[in-house]
Protein chains: 2
Amino acid sequence: MGLTKTDNFTTEQNELAAFAKALGHPARVAIIEYLSSQASCVCGSIVDAIPLAQATVSQHLKELKNAGLIQGNIEGNSICYCLNPEKWKKFKQMLEPTFTHIEQPVCC
Amino acid sequence: MGLTKTDNFTTEQNELAAFAKALGHPARVAIIEYLSSQASCVCGSIVDAIPLAQATVSQHLKELKNAGLIQGNIEGNSICYCLNPEKWKKFKQMLEPTFTHIEQPVCC
DNA sequence: TTGTCTTATTGCAATATTACGATAAAGAAC
DNA sequence: GTTCTTTATCGTAATATTGCAATAAGACAA
């Protein structure tokens, strides 16, 4: 098959899965960490910072953008990619119940 | 290709990506939410709670276990799957810098 | 216009993921 | 012993992902 049955799950579950999936590749983790360090947000500098070909980095940026975790703004001749605070807040909020739950004693 | 070049990234980046990837499917999100609700941790009840075939749920449980997000304990005739607090704390800790960063004003 | 710089897209090959039926494996109950 | 219950694994087909070279598309400069 290879096709996720999204219909069987709630919109929220699908959205959380989409956030997590977007972050589920080391190159995309590296991009997010780079943007979190506020070193720069120009696309070209991201490409330089990630040890993959330009086409591949562009593809990863597209996936992060599709998931909503980053947004791109045209900045003169280049593009500035930044974190999308709204989506990250939602991501954090969705993980909160589990982060809280693990503070309880384990059940078995 | 289809093969992630993990060598190009740090161990931490790969570990965070592995956590996120494990959570990157609505069925696995549903499993984690179910375990967070502490309703039950018996494998059979998870299978009943997830609208997929038993074999498929077992496969998803295996992936969550491989990533370390859950752990299985033999409980008589069945298996009790629980969240692994250590790993979840690490997951949370790894996301913290970005969660903090988005509180800053956006750069562009 | 021509050239240059920056980013996106296309096309392809290799590999991974998802899903399920069928079956196996291991223990409990009888 | 046999049978039932529970969970894991195998085999498979369909689809998705990863990576890169090549190329396209867009904006700006001269």
Side-chain angles (χ1 to χ4, degrees), chain A residues 1-9 13-14 17-31 34-35 40-67 70-82 108, chain B residues 1-9 13-14 17-31 34-35 40-67 70-82 108:
Chain A
M1 283 224 175
L3 183 76
T4 297
K5 292 184 151 186
T6 53
D7 292 355
N8 288 341
F9 302 96
Q13 286 168 339
N14 278 297
F19 287 152
K21 189 174 182 181
L23 204 63
H25 190 288
R28 297 195 288 268
V29 167
I31 290 169
Y34 183 78
L35 294 180
S40 165
C41 55
V42 179
C43 178
S45 68
I46 300 173
V47 171
D48 292 343
I50 306 296
L52 292 171
Q54 180 266 327
T56 309
V57 174
S58 180
Q59 208 170 233
H60 284 306
L61 287 167
K62 189 180 177 183
E63 278 183 65
L64 286 168
K65 204 168 68 176
N66 283 345
I70 63 172
Q71 54 199 157
N73 302 81
I74 296 169
E75 184 93 0
N77 197 19
S78 56
I79 294 183
C80 169
Y81 280 107
C82 303
C108 44
Chain B
M1 280 221 177
L3 185 77
T4 297
K5 291 183 150 186
T6 54
D7 291 355
N8 288 342
F9 302 97
Q13 286 167 339
N14 278 298
F19 287 152
K21 189 175 184 180
L23 204 63
H25 189 288
R28 297 195 289 267
V29 167
I31 291 170
Y34 183 79
L35 294 181
S40 166
C41 56
V42 180
C43 177
S45 66
I46 300 172
V47 170
D48 292 343
I50 306 296
L52 292 172
Q54 180 266 328
T56 309
V57 174
S58 181
Q59 210 171 233
H60 284 307
L61 286 168
K62 188 180 177 185
E63 277 181 65
L64 286 168
K65 205 168 68 176
N66 283 344
I70 64 173
Q71 54 200 158
N73 303 83
I74 295 170
E75 184 92 0
N77 197 19
S78 55
I79 295 182
C80 170
Y81 280 108
C82 303
C108 45

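Throughout, a chain's letter reflects where its sequence line sits, starting with A, and its residues are numbered from 1. No hydrogens, no waters, no symmetry mates; every other heavy atom, side chains included, goes into these values.
In this structure, A:L3 and A:A53 both approach DNA chain D, and ranking their closest nucleotides by distance from the 5' end singles out A:L3.
The line from CD1 of A:I70 to CD1 of A:I46 is 6.5 Å long, rounded to the nearest 0.5 Å. In this structure, B:C41 SG and B:I31 CD1 are separated by 13.5 Å, a value rounded to the nearest 0.5 Å.
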Polar atoms only, N or O, under 3.5 Å: list the protein pairs with nucleotides 5-12 of chain D and their distances.
unit_1: D:dT7; atom_1: OP1; unit_2: B:I79; atom_2: N; d: 3.1
unit_1: D:dT7; atom_1: OP2; unit_2: B:G44; atom_2: N; d: 2.8
unit_1: D:dA8; atom_1: OP1; unit_2: B:Y81; atom_2: OH; d: 2.3
unit_1: D:dA8; atom_1: OP2; unit_2: B:S58; atom_2: OG; d: 3.1
unit_1: D:dA8; atom_1: N7; unit_2: B:Q54; atom_2: NE2; d: 2.9
unit_1: D:dA8; atom_1: N6; unit_2: B:Q54; atom_2: OE1; d: 2.9

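For A:Q59, the side-chain hydrogen bond (donor to acceptor under 3.5 Å, both in side chains) test picks out no residue, with sequence neighbours left out. In this view, B:A30 and A:F9, A:Q13, B:I50 satisfy the side-chain contact (heavy atoms from CB on, under 4.5 Å) rule, not counting sequence neighbours. Residues satisfying the side-chain hydrogen bond (donor to acceptor under 3.5 Å, both in side chains) test with A:T56, not counting sequence neighbours, are none. Annotation: side-chain contact (heavy atoms from CB on, under 4.5 Å) contacts of A:S78 (sequence neighbours excluded): A:V42. Applying the side-chain contact (heavy atoms from CB on, under 4.5 Å) test to A:N8 and every residue at least two apart in sequence or in another chain returns A:K5, B:P51, B:L52. A search for side-chain contact (heavy atoms from CB on, under 4.5 Å) contacts involving A:S58 returns A:Q54, not counting sequence neighbours.
As a whole-Å value, the separation of A:E63 CD from D:dA16 P is 12 Å. With rounding to whole Å, A:K5 atom NZ is found 14 Å from C:dT18 atom P. A:I46 places its CD1 atom 14 Å from the C1' atom of C:dA8, with the value rounded to the nearest Å. Rounded to whole angstrom, the span from the CD1 atom of B:I50 across to the C1' atom of C:dA19 amounts to 14 Å. Per the geometry, CG belonging to A:N66 stands 14 Å off C1' belonging to D:dT17, to the nearest Å. To the nearest angstrom, P of C:dT18 lies 14 Å from CG of A:N8. One atom, CG of B:L52, and another, P of C:dT18, lie 11 Å apart when rounded to the nearest Å.
Checking C:dA16, C:dG21, C:dT18 against every side-chain atom of A:T4, the shortest atom distance belongs to C:dT18.
Across residues 18-31 of chain B, not one residue has a non-hydrogen atom less than 4.0 Å from an atom of DNA chain D.
The list of salt bridge (charged side-chain N to carboxylate O under 4.0 Å, His left out) pairs with a residue in residues 18-29 of chain B, not counting sequence neighbours, reads B:R28-B:E63.
Between B:H60 and the phosphate of C:dT17, there is no side-chain N or O to OP1/OP2 separation shorter than 4.0 Å.
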